[in-house]
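Here's the structure, in structure tokens; my notes come after.
Chain identifiers are assigned alphabetically (A, B, ...) following the order of the sequence lines, protein sequences preceding nucleic acid strands; residue numbering begins at 1 within each chain. Please read these numbers as outputs of a predicted model, since none were measured by experiment. What you see below is based on every heavy atom in this structure, not just the backbone, and it leaves out hydrogens, waters and symmetry mates.
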Amino acid sequence: MSVSEQLTVQQTPEKVLEPVLEAEHLRKDFPLRTVRLFGPPRAVHAVEDASLALYPGRATAVVGESGSGKTTVARMLARLYDPTSGVIRFHGQPVDLKARGQALRTYRRHVQLIFQDPFASLNPIHSVRYHLSRPLRVHGHAHNRQEETEQILALLRRVSLTPAEQFIEKYPYQLSGGQRQRIAIARALAVRPEVLLADEPVSMLDVSIRLDILNLLLRLKDEEQLALLYITHDIASARYFAEETLVMYAGQMVEGGPSEEVTQRPKHPYTQLLLSAAPDPDRMMAGQKLQLPARGEIPSLINPPSGCRFHPRCPHAMEVCRQRFPRRTQLGNGHWAHCFLYGDGDGEPVVSARLKTASSTGAAESTATGGAGLGTSSLTPPSSGASPSSQS
Amino acid sequence: MSLGKDLKHVATLEPETIPSTFPKKFPRRDSRLARLGENLRLVWRVLTSNRKVAIGSSIVAFFLLVAIFGPLLAPYDPTATSRLSETPPSAAHWLGTTATGQDIFSQLLYGTRSSVFWGFLTGLLVTLVSVVVGLVSGYFGGIIDEILSLVTNVFLVIPALPLAIVAVGYFPKGPLTIALVIILTNWSFNARLLRAQTLSMRSREFVTAARASGESAWRIIFFEIFPNEIGIVAAAFVSTVIFVLLAWTALEFLGLGDINTVSWGSMLYWAQQSDSIFSGLWWWFAPPGCCIALLGAALALINFGIDEIADPRLRSEISEHVPKELKEKAVT
Ligand SMILES: Nc1ncnc2c1ncn2[C@@H]1O[C@H](COP(=O)(O)OP(=O)(O)O)[C@@H](O)[C@H]1O
Ligand code: SF4
Ligand SMILES: [Mg+2]
């Protein structure tokens, strides 16, 4: 690589970096098995429209309450669920979503998933050795027992389980939650993937060890140049952990962009709501359960609200919000949102003349003052009732 | 089972009297021999932790020993006839003789070998079919499951013994025929049981995790799911052997087996043929009858014991392989 090329890389990394894994307009409906005499068969519309791109050496966070479809997205990317529609691209090549057998195994050799619950994701009857030996054997990295043992010990050391010689013979019930999650991470690494999908990797763990596990993932991401998807319900940890943050609500991706932008200058009312529930950066790893104002919860996804699925809870909901989902509006700096308050894809806010002035100044103000920092009262939780402009 | 009783047990437990199932220290070197030793010790601990299991397996072990070594100790050729017809037990003939003067004790020793061997072998094969059908059906779901479930349900409603009697008539007489017919008529019940269990097991996260790391379906079924169902399979195997022993004996008693081989069933057949029950020749029909009853009871005891180990509320004495915290949780 020439000097000038290196310079280009340093100056505009986004332009040069090619995404490893991309998803476009993923959608997943889980058919319900209940037999209905009248009406069409029903389904859980878990994910309506999810698009994302993962880059080597970078972490992308997907944030949302429980039930917003984060796990479903991760499992579609891991090819555990077949998307109802949408495209997945690996190094720019569309992935054959019907592929099974060897082709699927080849895909999994590059894309690995870490599960949320380390108490459920390890088989209680198998030892650590067995758990780590299988991916090594399946993907042809180890051909005999000696190679296997050497590589397992190396893996255990990489996830900081030492003395590795002791851990290799242990069974899951002899390990703590954090140790189990390290085994699960080691199992994913054993495959030598390019993409690591981490589905709420610390939410089931003791508060005291969460940061350790997250730091381990960050270190591995840097060392291996892994493309990392970090799923969490804790938006504050997304800022700490990921370069990019995507916010999901009830199966729709509502806002996204650089983590700093999204968490410091949230635009979508739902993102503002999430941040108002976890405002204190010092508490950000304490992992308090999200307590959203009592205005509602994730709606039924069997009959989801029409249009913007957030409209039953949104203090700014308009008539048009019930009719259709807003298109993506670019807000600058790579920041975007799907909300009629900011436009409908063409930059023109779709609001009535009177409302337009009120909300757009409010939005502008929260943009201006929101930069002061996480946790200042300048963030305007929509649930405060009054519109932002009336406060100032 | 009262809670109070369980509580008393917990209260009087001394910490050092609770050996854990798995060794606290793990062997530094992983030697397969050491692991085999561990597993054998584990089996031994399970066998001896519960009184019912202990008694049941002692009796079964006794029968297995007789089946292996018994014929070596037989004083006579079991089929050799003599002029001593229908003599009651004596020093020369410990269990007397048959109508044709055959030594019943020798017949019992040989018959045990045949009956125990075929009983366990057939039981094993029946269980094997149940396991394969149940796990494949439960794991794959979809059309495979629908076809296998349909077949299972058909065999489930067919009455086994009458079908066996009819089916045996179509094939050449002999143990293979009986074994085949018994397999055909007995696999369905446990197949359905295991299918239901597998259905709930396949959505467990460790199964999904195995899939995500690239394991094949067969590997997942038999290395991830099956070991977790081993308790159910063991219980199913034990009860299947009981049923197979009874069915086998019944078919031979009815003369549907090879009546010239020596087994418990054919001994009963010949005893019945010469009206031994009405002529008071108890030494002829009682020994094979008692053997079947005893072995059946022993197997049933094992199964009751397995139930007790699996269900803490039925546990008569706190078995050694459950950690203390779990026991306390089970009580409260
Ligand atoms: N296998 C499934 N079958 C049916 N519904 C499902 C399944 N998995 C998830 N769902 C539904 O999809 C929605 C999104 O779930 P999930 O992706 O687990 O959300 P999250 O991970 O954000 O909590 C939920 O309403 C959930 O009930
Ligand atoms: S204003 Fe409309 S589009 Fe924006 S979040 Fe509220 S309901 Fe959705
Ligand atoms: Mg989830």
Side-chain angles (χ1 to χ4, degrees), chain A residues 74-75 77-81 100-102 104-132 134-140 145 148-149 152 163 165-174 183-184 187-188 190-191 193 197 199, chain B residues 20-39 42 140-142 144-146 198-234 321-326:
Chain A
R75 291 190 174 197
L77 293 177
R79 301 280 293 104
L80 288 168
Y81 292 161
R100 293 286 178 272
Q102 194 52 48
L104 187 54
R105 191 169 295 163
T106 308
Y107 179 83
R108 287 182 169 147
R109 186 174 175 157
H110 302 293
V111 181
Q112 279 291 303
L113 176 64
I114 296 167
F115 290 80
Q116 180 172 7
D117 183 358
F119 293 89
S121 67
L122 300 180
N123 193 334
I125 64 128
H126 288 315
S127 65
V128 167
R129 168 188 287 279
Y130 183 88
H131 277 104
L132 298 186
R134 288 309 302 160
L136 291 174
R137 291 289 173 112
V138 167
H139 297 282
R145 197 167 164 89
E148 186 187 290
T149 307
I152 293 174
E165 289 79 6
Q166 242 171 55
F167 278 100
I168 193 172
E169 298 300 340
K170 295 226 189 262
Y171 283 81
Y173 81 98
Q174 296 171 309
I183 299 292
R187 169 169 62 183
V191 175
L197 313 165
D199 185 2
Chain B
S20 76
T21 321
F22 293 93
K24 294 222 169 51
K25 268 182 275 159
F26 273 77
R28 267 184 302 117
R29 285 274 165 71
D30 62 277
S31 108
R32 290 183 181 208
L33 213 64
R35 281 206 61 180
L36 182 70
E38 283 310 324
N39 288 339
L42 175 65
F140 283 107
I144 296 180
D145 180 35
E146 296 204 355
T198 307
L199 216 53
S200 81
M201 195 72 84
R202 78 162 175 190
S203 54
R204 295 272 293 273
E205 205 125 289
F206 62 78
V207 173
T208 315
R211 262 199 301 147
S213 66
E215 292 276 35
S216 68
W218 294 107
R219 186 90 198 180
I220 292 175
I221 291 175
F222 293 107
F223 286 79
E224 303 287 336
I225 296 180
F226 175 72
N228 281 287
E229 294 177 347
I230 198 80
I232 303 172
V233 173
H321 67 287
V322 178
K324 195 178 179 198
E325 313 86 68
L326 281 186

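No part of A:Arg137 comes within reach of chain B, as not one of its non-hydrogen atoms sits under 4.5 angstrom from that chain. Neither the backbone nor the side chain of A:Tyr107 has a heavy atom closer than 4.5 Å to any heavy atom of chain B. Of the atoms belonging to A:His131, not a single heavy atom falls under 4.5 Å from chain B. Interface remark: A:Leu80 contributes backbone and side-chain atoms alike to the contact with chain B (heavy atom separation under 4.5 Å).
Neither side chain, A:Gln112 nor B:Ser213, offers a donor N or O lying under 3.5 Å from an acceptor on the other. Between the side chains of A:Arg129 and A:Thr149, at least one donor N or O lies within less than 3.5 Å of an accepting N or O.
Residues in residues 211-220 of chain B take part in these salt bridge (Lys or Arg N to Asp or Glu O under 4.0 Å) pairs, two or more places apart or across chains: A:Arg134-B:Glu215.
When each of A:Arg105, A:Arg79, A:His139, A:Gln116 is scored by its heavy-atom pairs under 4.5 Å with chain B, the top score falls to A:Arg105. Considering only heavy-atom pairs separated by less than 4.5 Å from chain B, the leading option among A:Val138, A:Thr106, A:Asn123 is A:Asn123.
Looking at A:Ser127, its side chain does come within 3.5 Å of a backbone N or O of A:Tyr130 through a donor-acceptor pair.
Every residue two or more places apart in sequence or in another chain that forms a salt bridge (Lys or Arg N to Asp or Glu O under 4.0 Å) with B:Asp145 is listed here: B:Arg195.
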